[in-house]
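Structure first, then comments.
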Amino acid sequence: MSKPPRYFWIPLILSLILVPAGFWYVGWSKSGEGAGLYSRQWVPDAMFAYWNPTAFYKPVDTIVGKFEGEQCVACHTSVTPGIVKDWQASRHSHAEKKVYCSNCHGNDHQALHMPTPDICATCHATQHNQFEDEKRFGFPSHALAMERALDAKHFVDKPKAEVTACLHCHSVASKCDSCHTRHRFSAAEARRPEACITCHSGPPHPDDETYFHSKHGQLYLAQGAQWDWSKPLRKGNYPAPTCAYCHMQDGKHQVADKSIWKFGIQKINPLSSGNEIKRKQWIKLCSDCHEPEMAAKSLTALDQERKRAWDKLFQAESLLKGLRRKSLLYPSARQRPPYPGDAPDKLWPREAIGFLEGQSSAFYNVSPIERNYFEMWYFSNLGAYKGAAHGDASFVAKGHQAMELSLESIRKQAETLRTLGKTQPTNIWLNGEYTDYNREHN
Amino acid sequence: MRRILLLMLLMLLSPAIHGSGKQPPKTVIGTDKECIQCHPKQFKEWQASAHAKKQPVAGCLACHGGLHSETASRSRRDRVCVACHGGKEGAVVHSYASSKHGVLMRLEENGYDWTKPLAMANYRAPGCAYCHLHQRNHDVSAGVRADAMNRERPVPDGMRAVCRDCHAPRYTARLFDNGDALLEIGRKKSREAEALVQAAPELGREDQAAVQQQLQKMHQHLQNVRLGAGHQSPDYQWWHGQPALDGDLLRIRGMIDEYRRKHPVQPR
C-alpha cells in the first residue's frame, strides 16, 4: 500500500480542527443569557417569557401545591373567569376525556409551563409534524419565525423592550394560540381570514388589505358570516377561498411548501425546476373553482408584475451602489453609529445595499437615501407583490406608483449627494438621546 | 270604584318600583336631561370624562340612543364609538380592530348577549366599552393615557385590573411595563429629533416648514406606539410605530445636515 500524499493530510488535519471548532463556536455563541446566534450579546425583556417560553419562561412560585382537573377550574373561576368560561366553551372541556388545565400546563403550581407546540403535539401529532415540516422549506415559515427573528441583526442591536413588538408576532413558532386563540382553541376560528390579520397586516405584508380588497375577500365579507366554518378547507366546502384555504390546503399546517416568491424581498427565478412543481400545486389548487389555464395565467401575471418591480428596484440599487463606489453615500458607514452587535462592521464599516448584503436589518442608523430605498423595497414593492398575488389591482397600481416616486426622489438625492460630495461633513449623526441609548442598551 | 282604587294603589307603588321616585321611564327618551334625573351616578362620572369636557360633547343619547329598552345593549357595542373616534381606517379603531381582541370581536359579536354587564368576562373578547367603561364607569377617560409624550401619567390601576378578568396578573403587569418601556423609547426618538431642530435655528423658512411637518408625522407615529401598546396591536407598536419613528428621526437629521452642508458657516 502506498503512502497517502501530503495534500491528503493537511486538509484532513485542518478539517479535524476547524469543524469541531466551528461547532464549538456556534454552541458557545448560543449559550448566553439571550437566545439564538447572538445570545451572548443581549439579555431578554421580561415579556420574552411569554413570546418564547421554551427559552425564557419561569413559573410563578407564590402558589404552592399540586392541583389537577376540577381543582384548577374551581380556583380560576374567580381568579381569571374569562379563561375558565372560554375553556368551558371549548372542545377540550366537552371531550369524552376532558383536557384540563393541568394536562397542558402541568400540575405543580410552582413548576407550571406554557403549552408550546410540542405539548399540543401530545394529541395533535399530525398537525405538529406538518408544522415542523415547514423548516425544510426555510423562511418565511411559521415554524422558523422565532429563530429567524432572534438571529436578525436589528433584533440584536435594538433595545430589547423595543423589539418585544417583533416577538409578539414571531411567537407563532412557540404557541399554537397565535391562530387558535386561547382557551377556546377553535379550528373554525383559525379557518377565517381574520385569524391571520393581527400579524399579516401593515406596510411590508398588507395581506389583510389586499385579500379583503380582492374579489375573493369581497365575497367573504358579503357572505362569510353565513358559511359553515366547521367544514374542512376542502374543494366544494367554501364558495370563496380564505387565507387558510389556499395557504393551508386541506387543513395542512404547512404554509411554506408552496411559496414561490416567498416574502418578495429578493428576486428569484419563478421557473426553476423546484418552482415549476410549486406552480403545478397552485394551479391544481385554483382549479378547485377555476379553469387551470386561468390559474396559470394569473401566475404569469404575477411574474410579470415582479419583473416590473425588480426593474425599478435594481435601478435604485445601482444608483446607491454607484454612490458607494465613489464614497458619496453620506453619512458613510464610518460617520454614523455602528450596529453594536456586528463585529465585522466595526472592522470594516460598509453600507449594506440590497437583500444579500443584509440591508433589511439596516433601516435605522443609515443615510436618508438608503432609508428611502428601504421603504421603496420593503413597503411599496411588497405591497405591490401582495396586491398582485391576492388579486387586488389597486394595491399593485399604488405600489408601483409609489416606487416610481421613490426612484425619482432617490435620483434627485443622488444628484444632491454628488454636488455636496466635497463639502465639510457635519458631526450631528453620532449622538442623541435615543442614539446613545440604543448604543448602550442592546 | 274597584278600578279607581287599583289605579291609586299603582300610583302609590310606582315610585317604589322605579328607584329614584321619579316618573317611570318613557319608551322614547328625547333629551339628556331626562336621563340625568334617574342616573345621577353615571352623569357625575360622565362629567369627569373627555366626553363631557371636549367639543363636541358626547352626551347620553349620542351613545345610548333614545329607545329606553335598548339603551344599554346598544351602547355596549363598538359601533357606537367608531364614527367619532376616527372611523374604521383611523389609528384608534384600526389598532384595536387588528388586535386579537378586535379580531375575535369581529367574528363573534353577533353571537354575544349584549344585555350582560361589562364585567366578569361576560364577553369573550373585550370591546371598547368593556375596558373603557368597565363595570359601568362612565368616566371613559379614567383609563386612558391620551398624551403619548407625557410620561408622568401612567395607566391607572383600575384600568390595569380589567385585564385580569381573563389574563394572569404577572402577564398583564409585564405587558404594561413593556408598553411603558416601548413608549419611553419612542419618546427618546421624539426628544432627540426636537433637540436637533431646536439646535438648528438657522434653517430657512422652507426647510423649517419641512422639518416641522416631519415632526408632526413623528408625533403621529408616537401616538401609534401608544395605541399599539394600549390595544395590543403588534402592527401599530412596530411598523406604524417604532421603525416609522426611526425614519422620521433620520430624515430630520438629514434635512438639518443638508442645510448646513449647503450653507457652511464662514470662519471669521
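Here the structure is a predicted model, which means the values were calculated and not measured. The sequence lines fix the lettering, A, B, ..., with proteins before strands; numbering per chain opens at 1.
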Do the non-hydrogen side-chain atoms of [X] and [Y] ever get within less than 4.5 Å of each other?
| X | Y | result |
| --- | --- | --- |
| A:Pro368 | B:Leu250 | yes |
| B:Lys262 | A:Thr416 | yes |
| B:Arg124 | A:Asp86 | yes |
| A:Thr181 | B:Leu104 | yes |
| B:Ile185 | A:Tyr437 | yes |
| A:Glu162 | B:Trp238 | yes |
| A:Thr80 | B:Arg164 | no |
| B:Asp235 | A:Thr198 | no |

Report summary line: Value for OH (B:Tyr123) from NZ (A:Lys85), rounded to nearest 0.5 Å, stands at 10.0 Å
Query raised in the report: Say you draw a straight line from NE2 of A:His76 to SG of B:Cys166; how long is it, rounded to the nearest 0.5 Å?
Result: 13.0 Å
Query - Side-chain donor-acceptor pair present, A:Asn438, B:Lys188, cut-off under 3.5 Å - result: no
So what's closer than 4.5 Å to chain A heavy atoms on [X]: side chain, backbone, both or neither?
| X | answer |
| --- | --- |
| B:Ala193 | neither |
| B:Asn122 | both |
| B:Ser99 | backbone |
| B:Gln232 | both |

Chain B contact via [X] - which portion, at a heavy-atom distance below 4.5 Å:
| X | result |
| --- | --- |
| A:Lys160 | neither |
| A:Trp429 | both |
| A:Tyr378 | side chain |
| A:Asn431 | backbone |
| A:His205 | side chain |
| A:Val84 | neither |
| A:Arg184 | both |

In terms of heavy-atom pairs under 4.5 Å with chain A, which of [options] leads?
| options | answer |
| --- | --- |
| B:Arg174, B:Gln237, B:Met120 | B:Arg174 |
| B:Gly247, B:Ala181, B:Gly186 | B:Gly247 |
| B:Arg106, B:His94, B:Arg170 | B:Arg170 |
| B:Ala244, B:Pro234, B:Ala97, B:Ser190 | B:Pro234 |
| B:Met255, B:Glu258, B:Arg191, B:Arg260 | B:Arg191 |

With a cut-off of 6.0 Å (strictly less than), are more than 12 heavy atoms of other residues, nucleotides or ligands near [atom1] of [X]?
| X | atom1 | value |
| --- | --- | --- |
| A:Glu440 | CD | yes |
| B:His221 | NE2 | yes |
| A:Asn427 | CG | no |

Query raised in the report: Could B:Asp248 and A:Arg371 be called an ion pair, given the rule that one side-chain N must be under 4.0 Å from one carboxylate O?
Result: no
**Report entry** Cationic N near anionic O, under 4.0 Å, B:Lys100 to A:Glu189
**Finding:** no
Requested in this report: Kindly indicate whether a cation-pi arrangement holds for B:Arg253 with A:Tyr330, taking the cut-offs as under 6.0 Å to the six-membered ring centre and within 45° of the axis.
Outcome: no
Query raised in the report: Does NZ or CZ of B:Arg251 fall inside the cone over A:Tyr364's six-membered ring, less than 6.0 Å from its centre and within 45° of the axis?
Result: no
**Report entry** Whether B:Asn178 side chain and A:Ala161 backbone form a donor-acceptor pair below 3.5 Å
**Finding:** yes
Query raised in the report: Judged by atom type as modelled, is there a donor-acceptor pair below 3.5 Å linking the side chain of B:Glu192 to the main-chain atoms of A:Tyr434?
Result: yes
Among [options], residue most engaged with chain B (heavy-atom pairs, under 4.5 Å):
| options | result |
| --- | --- |
| A:Ser367, A:Ala195, A:Ser201, A:Cys169 | A:Ser201 |
| A:Ile83, A:Ile369, A:Leu417 | A:Ile83 |
| A:Leu167, A:Asp208, A:Asp436, A:Asn372 | A:Asn372 |
| A:Pro203, A:Cys166, A:Pro204 | A:Pro204 |

Query raised in the report: Does the side-chain contact (heavy atoms from CB on, under 4.5 Å) test come out yes or no for A:Thr164 and B:Leu182, once each step is laid out?
Result: CA-CA 9 Å; A:Thr164 304; B:Leu182 263 181; 6.0 Å; no
